[in-house]
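Here is the structure we will look at.
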Amino acid sequence: MHVVVMGAGVIGTTAAWYLLQNGHQVTVIDRQHASAQETSFANGGQISACHATPWANANTPKQIIKWLGREEAPLLVRMRFDPQLFAWGLRFLRNCTDARAKINLEKALRVALYSRECLRTLRDDLGLDYDHSERGILHICRDAHEMASVATATEQMQHFGLNRKTVTADECYEIEPALRQSNAPIVGGSYTPDDESGDARKFTELLTEHCIARGAAFKFNTAIKALKKDNGKIVSAQTDQGEIAADAFLVCLGSYSPLLVKPLGIDLPIYPCKGYSISIDTTGYNGAPKTALIDDSVKMVYSRLGQQLRVAGTAELDGYNLRMSPKRKQLIVDKALELFPNSGDKSKIAFWSGLRPVTPDSAPILGGTKYGNLFVNTGHGTLGWTMSCGSAKAIADLISNQEPDIPLTGLGIERFNRTVL
């Protein structure tokens, strides 16, 4: 078949690769001038199955209330009239129970663990070098309450097959010696030795080259205006560069996916969640970590990418607005330098923001639609890089009428059509 993939971020590009592997002709469309120019450009850089804990749980509503109006809050909701946010928020609240959180954790981990294995196979097969590290991910805790939450999450994830263990403060320092210079209290944490880190943009750029070498067509600087339907099928993608017909169509547009399919009568409950990142030049400094870390107290992650320390975090629900709050930018810098005061040149910090497509249950949307040849691979939230290869292989197999290696139960659009989520 000829398959059109919409979106050339890490999600769309990996999907293009696996579709090529299944023998299809592939065209990738993206409004940017090159691959990975939006949410995949400067994200946290972690392949973090250990970070699959759903946002929606029994404790989340009271945390959100506590953070309301605080510019420095880890999760900031900018209150305004926003029907999309209101509808998403109601579905989110329905998932804020311990029972739903457990179900949603299993779904997210199912994809994340599979994806991690797919990435390793793909990297080895193609010899990709994208500043990746296989030193695992260390999750640090600053107080006893955090430690108790991490211990509970660790036990739950172990039950679903993740190799994760709790560690003491001394073990944290052994795993990452740069923490010995920290000005932040560390009481312990958890360690996931099989998780990884790496530059998602570099990976996507390299994989794009391999896709093109295999015959894929990448149409950059091409904005998708609409999908044309006829007799229950999609017949073409209408763009500002003309109409592109195909046999099947795959939506990989992240936060913008709902906007494209809404005129078709498809409701994708995805809301854009803005995240910030900074990249610090570590050249000549010895205080930057080599192991990837998560500091959940401030919702921030740290990844060493070559001579850069990537620090990413915060969550801001502010529509499709990419503007960066000066206070939140400074918050990331202050927290990064508190943890790693000698990590790099403070005068050479690059700032970035991107929109992460978050679903109410923190699991991606993978599968078909009411149109037989229209498929979706989106809604990965903060775990797009983590879930990219596994989601791509699963959806490519589904499009190819092959049985995916993992069950896609609970990952389709239909789960949001139920009265009780």
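Given the structure is predicted, the values throughout are model-derived calculations rather than measurements.
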Output yes when [X] and [Y] qualify as a salt bridge under the 4.0 Å nitrogen-oxygen rule, no when they do not.
X	Y	answer
Asp131	Lys202	yes
Arg356	Glu316	no
Glu171	Lys165	no
Glu106	Arg110	yes
Asp267	Arg91	yes
Lys370	Glu414	no
Glu117	Arg120	yes
Arg164	Asp195	no
Glu38	Arg31	yes

Can a donor-acceptor pair be found between the side chains of [X] and [Y] at a distance below 3.5 Å?
X	Y	result
Ser40	Arg201	no
Asp281	Thr283	yes
Asn22	Asp397	yes

Over 12 non-hydrogen atoms of neighbours within 6.0 angstrom of [atom1] in [X]:
X	atom1	value
Glu71	CD	yes
Asn183	CG	yes
Lys219	NZ	no

Tell me every residue that passes ring-ring contact (aromatic ring centres under 6.0 Å, His included) with [X], counting only those two or more places apart in sequence or in another chain.
X	value
Tyr114	none
Phe220	Phe218
Tyr320	Tyr256

When rounded to the nearest 0.5 angstrom, what is the spacing between [atom1] in [X] and [atom2] in [Y]?
X	Y	atom1	atom2	answer
Asn95	Phe92	CG	CZ	8.0 Å
Asn163	Leu113	CG	CG	10.0 Å
Leu268	Leu253	CG	CG	10.0 Å
Leu250	Asn373	CG	CG	11.5 Å

### Message
Assess the residue pair Tyr130 and Glu205 against the criterion (side chain to side chain contact (heavy atoms under 4.5 Å, CB included)); give the C-alpha distance rounded to whole Å, side-chain angles, the decisive distance to 0.1 Å, and a yes or no.
### Response
CA-CA 9 Å; Tyr130 47 91; Glu205 290 172 341; over 6 Å; no
### Centroid separation Trp55 to Tyr271 less than 6.0 Å
no
I'd like to know if the side chain of [X] reaches the main chain of [Y], judged simply by a donor and an acceptor atom lying under 3.5 Å from each other, with no hydrogens or angles considered.
X	Y	answer
Ser115	Thr386	yes
Lys274	Asp318	no
Thr27	Val4	no
Thr378	Gly254	yes

### Query
Run the side-chain hydrogen bond (donor to acceptor under 3.5 Å, both in side chains) check on His139 and Thr192 step by step: do they pass?
CA-CA 8 Å; His139 191 145; Thr192 311; over 6 Å; no
### Lys102 vs Leu105, side chain to side chain contact (heavy atoms under 4.5 Å, CB included): CA-CA, chis, key distance, verdict
CA-CA 5 Å; Lys102 186 175 181 180; Leu105 173 62; 5.7 Å; no
Heavy-atom side-chain contact between [X] and [Y] under 4.5 Å:
X	Y	answer
Cys50	Ile294	yes
Ile270	Pro258	yes
Leu138	Leu179	yes
Val311	Met300	yes
Ile186	Tyr173	yes
Gln46	Arg310	no
Arg78	Ser325	yes
Trp88	Pro360	yes

### Query
Shortest non-hydrogen contact from Gly367 to Leu398?
CA-CD2, 3.7 Å
### Task
Before giving the answer on side chain to side chain contact (heavy atoms under 4.5 Å, CB included), spell out for His380 and Ser391 the whole-Å C-alpha distance, their side-chain angles and the decisive distance to 0.1 Å.
CA-CA 9 Å; His380 298 80; Ser391 297; 3.0 Å; yes
### Task
For salt bridge (Lys or Arg N to Asp or Glu O under 4.0 Å), just list the numbers for Glu196 and Arg123, CA-CA rounded to whole Å, side-chain angles, deciding distance to a tenth of an Å, and then say yes or no.
CA-CA 13 Å; Glu196 305 181 4; Arg123 177 176 65 227; 2.8 Å; yes
### Task
Carefully, step by step, assess Asp361 and Phe416 under the rule side chain to side chain contact (heavy atoms under 4.5 Å, CB included).
CA-CA 10 Å; Asp361 59 4; Phe416 297 109; 4.0 Å; yes
### Query
Could you walk me through whether Thr208 and Ser35 pass the side-chain hydrogen bond (donor to acceptor under 3.5 Å, both in side chains) check?
CA-CA 7 Å; Thr208 296; Ser35 299; 2.8 Å; yes
